[in-house]
Number of protein chains: 2
Amino acid sequence: MAKDKNISMSVIRRLPRYYRFLSDLVDKEVDRISSGELAKRMNLTASQVRQDFNCFGGFGQQGYGYSVKALKNEIESILSLKSGYNSVLIGVGNLGRAVAMHMEFEARGFKLIGAFDQDRNLIGKPLNHLIIKDIDGIDSFCDENKIDVAILCIPKEAAESIVEKLYGFGVRYFWNFSHFDISVAYPDTIIENVHMSDSLMTLCYRITDAKRNITETIQK
Amino acid sequence: MAKDKNISMSVIRRLPRYYRFLSDLVDKEVDRISSGELAKRMNLTASQVRQDFNCFGGFGQQGYGYSVKALKNEIESILSLKSGYNSVLIGVGNLGRAVAMHMEFEARGFKLIGAFDQDRNLIGKPLNHLIIKDIDGIDSFCDENKIDVAILCIPKEAAESIVEKLYGFGVRYFWNFSHFDISVAYPDTIIENVHMSDSLMTLCYRITDAKRNITETIQK
DNA sequence: TAGATTGTTAATCGATTAACAATC
DNA sequence: TAGATTGTTAATCGATTAACAATC
């Protein structure tokens with residue numbers, strides 16, 4: 001990993017996708033790939049692919065292309081997927097369980113060290129290798145453990161108050177599935193939002209727009 | 001809804017967030033808001049807010065601002081959240097169930113008319129107002145119903161083959177939670193991806209980057 | 001009328017694309 | 001060496017921000 005000054009968010013958000021495609025190519029035992037070929041497979045331009053990789057250093061070889069395995073490893077290291085950041089899951093409903101499974105089987109970079117809920121029926125039950133704990137015990141848990149990331153799978157109101165508490169304990173990184181907009185209230189945090197309903201509403205707009213265009217085309 | 005020619009994706013993706021904030025303001029019984037005030041609450045600029053709204057027509061009033069309720073309704077109509085597009089859920093694991101709950105309680109614009117899985121233990125069980133069906137019955141279901149949207153909560157390989165089948169039946173709109181990149185293989189579809197692992201990897205990068213910057217600052 | 005705030009045009013900034021010399 | 005493809009600089013495109021006249 002070389003030159004690394006202020007990579008733009010547009011580039012950063014493409015890295016996981018590169019990583020997915022490269023992992024796939026490794027599985028298919030493809031050894032080398034050119035920026036043009038990778039671009040074609042990913043619906044990007046060759047220029048963009050080369051620009052993106054060159055934010056972090058020259059991983060390619062002129063006249064040859066990129067070694068798939070080496071490139072995959074570089075991106076893994078750029079994303080620092082071996083960090084094992086301590087994370088706690090807040091809310092073990094359907095979504096929380098899906099997220100926990102996800103982290104167990106494919107998410108790298110994080111280690112789930114606690115799962116909390118307020119539901120009496122869930123507290124004490126197992127979740128993967130963990131036992132679901134009472135959310136009221138979060139204070140003492142924070143005292144005893146260093147929490148890097150909190151994963152919020154709870155409704156907006158619950159999120160609002162638990163973030164206040166966790167922020168007080170020094171937690172600054174959040175994977176947020178709730179509707180609560182953390183970064184507005186806490187500017188010195190790092191937030192990744194997964195707003196499923198935003199995605200769904202966007203889809204609704206795009207479908208309606210597409211249907212409208214089809215209708216207009218027919219009428220012309 | 002007025003002038004409406006080729007709105008950029010950047011604008012479209014901000015609409016659901018406006019909608020969320022405006023709904024909130026309606027609940028708080030706020031009557032009017034200026035672009036500046038809304039921008040402050042959402043971490044945007046006043047210019048951007050006005051530019052965004054003016055893609056669709058002049059909803060404001062000079063010297064006054066915007067009527068919160070009217071603006072919310074406009075955006076609801078722009079997003080066409082009352083469409084009720086027929087959708088089917090493919091995969092009723094934890095994630096699928098979370099998505100189904102979501103659609104039951106807050107997602108507008110869509111109507112869940114079927115839920116499918118391959119797991120013998122799930123088939124026949126209820127999911128909200130539906131009975132989970134055998135995925136093998138998807139063909140006849142497609143014949144008998146007009147499906148607008150398929151929601152994919154299944155692994156990559158399963159997604160690959162079910163998309164091929166659904167595409168054959170004319171389905172062109174997908175809400176995709178799987179790792180399969182539909183738009184590359186089927187360019188004439190509209191896809192909203194929710195790639196949870198991409199979001200998590202991005203978070204991993206950003207945390208590591210933030211920690212690195214802190215360390216560097218200390219060393220200086 | 002004076003003050004406030006919009007709608008809209010112009011200026012700036014950033015991201016993507018194109019071009020090409022360097023080099024494997 | 002000739003062909004291919006990178007790394008990188010320059011050109012283009014699009015999105016955000018600033019400015020201000022219009023007007024409620």
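Naming convention: chains lettered A, B, ... in sequence-line order (proteins, then strands); numbering from 1 in each chain.
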Is it the case that the base of C/dT5 and the side chain of B/Gln62 share a donor-acceptor contact (distance under 3.5 Å, atom types as modelled)?
no
Base of D/dA18 paired with side chain of B/Ser47 (donor-acceptor, under 3.5 Å)
yes
Any [X] side-chain N or O less than 4.0 Å from OP1/OP2 of [N]:
X	N	value
B/Ser35	C/dT6	yes
B/Arg14	D/dT16	yes
A/Thr45	C/dT17	yes
A/Tyr66	D/dG7	yes
A/Arg50	D/dT6	yes

NZ or CZ of B/Arg32 within 45° of B/Tyr64 ring axis and under 6.0 Å:
yes
Does A/Tyr167 have A/Arg172 sitting over its ring (NZ/CZ under 6.0 Å from centre, angle to axis within 45°)?
yes
Nearest listed nucleotide, side chain of B/Gln61, among D/dC24, C/dC24, D/dA18
D/dC24
List the steps, then state whether ring-ring contact (aromatic ring centres under 6.0 Å, His included) holds for A/Phe174 with A/Tyr186.
CA-CA 11 Å; A/Phe174 294 88; A/Tyr186 304 92; 7.7 Å; no
With pairs defined as Watson-Crick or G-U wobble and both distances under 3.5 angstrom, please note down DNA chain D as a dot-bracket string, | for pairing with another strand.
..||||||||||||||||||||||
Measure from [atom1] on [X] to [atom2] on [N] and round the result to the nearest Å.
X	N	atom1	atom2	value
B/Ile33	C/dT6	CD1	C1'	15 Å
A/Asp52	C/dT17	CG	C1'	12 Å
A/Ile12	C/dT16	CD1	P	12 Å
B/Asn6	D/dC13	CG	C1'	15 Å
B/Phe56	C/dG7	CZ	C1'	15 Å
A/Glu37	D/dT6	CD	P	11 Å
A/Ile7	C/dA15	CD1	P	11 Å
B/Asn54	C/dT6	CG	P	10 Å

Under the criterion side-chain contact (heavy atoms from CB on, under 4.5 Å), which of B/Leu130, B/Leu127, B/Val99 is the partner of B/Val92?
B/Leu127
A/Asp198 and B/Arg20: salt bridge (charged side-chain N to carboxylate O under 4.0 Å, His left out), yes or no, with the steps?
CA-CA 9 Å; A/Asp198 285 18; B/Arg20 269 195 288 127; 2.8 Å; yes
Check ring-ring contact (aromatic ring centres under 6.0 Å, His included) between A/Tyr173 and all other residues, then give those that pass, not counting sequence neighbours.
none
The residue, A/Gln48 or B/Gly36, whose nearest nucleotide of DNA chain C is more 5′ is B/Gly36
Residue pair A/Tyr64/A/Gln51 against DNA chain C: nearer the 5' end by closest nucleotide is A/Gln51
State whether a side-chain donor-acceptor pair under 3.5 Å links B/Asp148 with B/Asn86.
no
Donor-acceptor contact present, side-chain B/Asn176 to main-chain B/Ser178, <3.5 Å
yes
